[in-house]
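We name chains A, B, ... by the order of the sequence lines, and we start the count at 1 in each one.
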There are 2 protein chains.
Amino acid sequence: MRFSMPRKLSPLDPQRLDNQICFAVYSAAHAFNRVYKPLLDRLGLTYPQYLVMLVLWERDDVPVRDIGERLFLDSGTLTPLLKRLEAAHLVKRTRSSEDERQVLIALTPQGHALKEKARAVPQSILAASDCSVSELVAMKDEIVALRDRLNAVIGE
Amino acid sequence: MRFSMPRKLSPLDPQRLDNQICFAVYSAAHAFNRVYKPLLDRLGLTYPQYLVMLVLWERDDVPVRDIGERLFLDSGTLTPLLKRLEAAHLVKRTRSSEDERQVLIALTPQGHALKEKARAVPQSILAASDCSVSELVAMKDEIVALRDRLNAVIGE
DNA sequence: TCACATTTAATTGTTCGCAATTGAATGTAC
DNA sequence: GTACATTCAATTGCGAACAATTAAATGTGA
């Protein structure tokens, strides 16, 4: 009987941290968050709040549910976050008259105005990425495709 | 004087949510987390706890600081997490006798044993990714390179 | 109409993640 | 060898993230 190699030493060990794409994604997400932090501090936003604002700058007066579907977040996350945005006078929460179950989220004038102040953010991120736009777009598309395959599995 | 196109309609608008690689990474990280959840529930671990166990399965009896450097996490995150792993009898926390500032984290026999039970996890993730190993490795390397460039900017 | 299911947000409780601070141990300069 | 700075983990406080539950509004079927 032969001894097997200790798996720990194999560079291809699927249990090694550095071989896991999930950790690459996880740690990259945190790295992005740290780069965004000082930029968003000036706007008075956290990163998840910035994502909500991006959604609303495209179209506002939408129910909480629409924002959640766009960002893959549920009401347990969004309700308190939106209340903080309301406290910051960036959005207004109004219960829909047509369907009293829905709460519609609309931008305030300050909320709209913040879009202009936020325009410099994406280019700062691009600079920090130290990478061509075409490379970033290609990576983004690959990551989105992977995300969508993962989400498809969850729905089973 | 001409009117400019409303930026909102441009598919290349850098302020559009779907054009941002950071959101791709952010949402992919959450998708991974949701795929991992049922697998790790059986092991009694959360995803960040699983990452700590991966580090310790490679080498244990290491200070908290080493785990933090490996995972890009600080003591504010790790201290309570490690206390929960200790409460689950997976690790033991001991203050170093050579340097009383350090707390060394060692696996218990149950902590070591869990590695075998966790061996099926990476292949389940691979299956959910619905992607060839070589493609995943290529993506992982790109994402790690991006993460490291972002982290380099933070240190400035 | 009336029972029942579905939809929608809000709520509660647990766990991350990080900034900022604290306190103890260690290292360094003079 | 005594000030001073540095290192390390722990702590506090706040904002996500999500599971599970609740409550109200709406939809559906008999």
Stepwise ring pair (Phe, Tyr, Trp, His ring centres under 6.0 Å) test for B:Y36 and B:Y50: CA-CA 10 Å; B:Y36 269 102; B:Y50 172 67; 5.7 Å; yes

Minimum-distance nucleotide to A:R65 side chain [options: C:dA19, C:dA9, D:dA10]: C:dA9

Closest to the B:T77 side chain, choosing from D:dA9, C:dC16, D:dA16: C:dC16

Salt-bridge criterion met for A:E100 and A:R95 (N-O under 4.0 Å): no

Which residue lies more 5' along DNA chain C, comparing B:F72 with A:L104 via nearest heavy atoms: A:L104

B:D74 CG to C:dA20 C1', straight-line distance once rounded to whole Å: 11 Å

Of the listed nucleotides D:dA9, D:dA16, C:dA9, the one nearest the side chain of A:T79: C:dA9

Nearest listed nucleotide, side chain of B:R84, among D:dG15, C:dT15, C:dG17: C:dT15

Sugar-phosphate only, base, or nothing, as touched by B:P63 at under 4.0 Å among non-hydrogen atoms: sugar-phosphate

From D:dA9, D:dA16, C:dC16, nucleotide with atom closest to A:T46 side chain: D:dA16

Separation of C:dT15 C1' from A:H30 NE2 (nearest whole Å): 13 Å

Presence of B:Y26 side-chain N/O under 4.0 Å of D:dA17 phosphate oxygens OP1/OP2: yes

Presence of A:Q102 side-chain N/O under 4.0 Å of D:dT26 phosphate oxygens OP1/OP2: no

Length of the line joining B:E100:CD and D:dA10:P, which is rounded to integer Å: 13 Å

Interatomic distance where CG belongs to A:L82 and P belongs to D:dG15 [whole Å]: 14 Å

B:D41 and B:K37 ion-paired at < 4.0 Å: yes

Touch class at under 4.0 angstrom, heavy-atom based, for B:N33 against every strand present: nothing

Euclidean distance, atom CE of residue A:M53 to atom P of D:dA16 [Å, nearest integer]: 13 Å

SB check A:E86 A:K83 (cutoff 4.0 Å): no

Below 4.0 Å: OP1/OP2 of C:dA9 and any side-chain N or O of A:R95: no

Check: B:I125 and B:L39 side chains under 4.5 Å, non-hydrogen atoms: yes

Nucleotide nearest B:R101 (side chain, heavy atoms from C-beta), chosen from D:dA16, C:dT26, D:dA17: C:dT26

Atom-pair distance (CG on B:D41; C1' on D:dA19), nearest Å: 10 Å

Touch class at under 4.0 angstrom, heavy-atom based, for B:L78 against every strand present: nothing

B:P48 side chain, from C-beta outward: closest of C:dT15, C:dG17, D:dC18: C:dG17

Rounded distance (Å) that lies between atom C1' of D:dA10 and atom CD of B:E86: 14 Å

Rounded distance in Å - CZ (B:F32) to P (D:dC18): 15 Å

Listed nucleotide nearest any side-chain atom of B:Q49, set D:dA16, D:dC18, C:dC16: C:dC16

Contact under 4.0 Å: A:R34 side-chain N or O vs C:dA19 OP1/OP2: no

A:K83 side-chain N/O to C:dT11 phosphate OP1/OP2 under 4.0 Å: yes

NZ/NE/NH1/NH2 to OD/OE distance under 4.0 Å, B:R70 and A:D18: yes

Touch class at under 4.0 angstrom, heavy-atom based, for A:S75 against every strand present: base

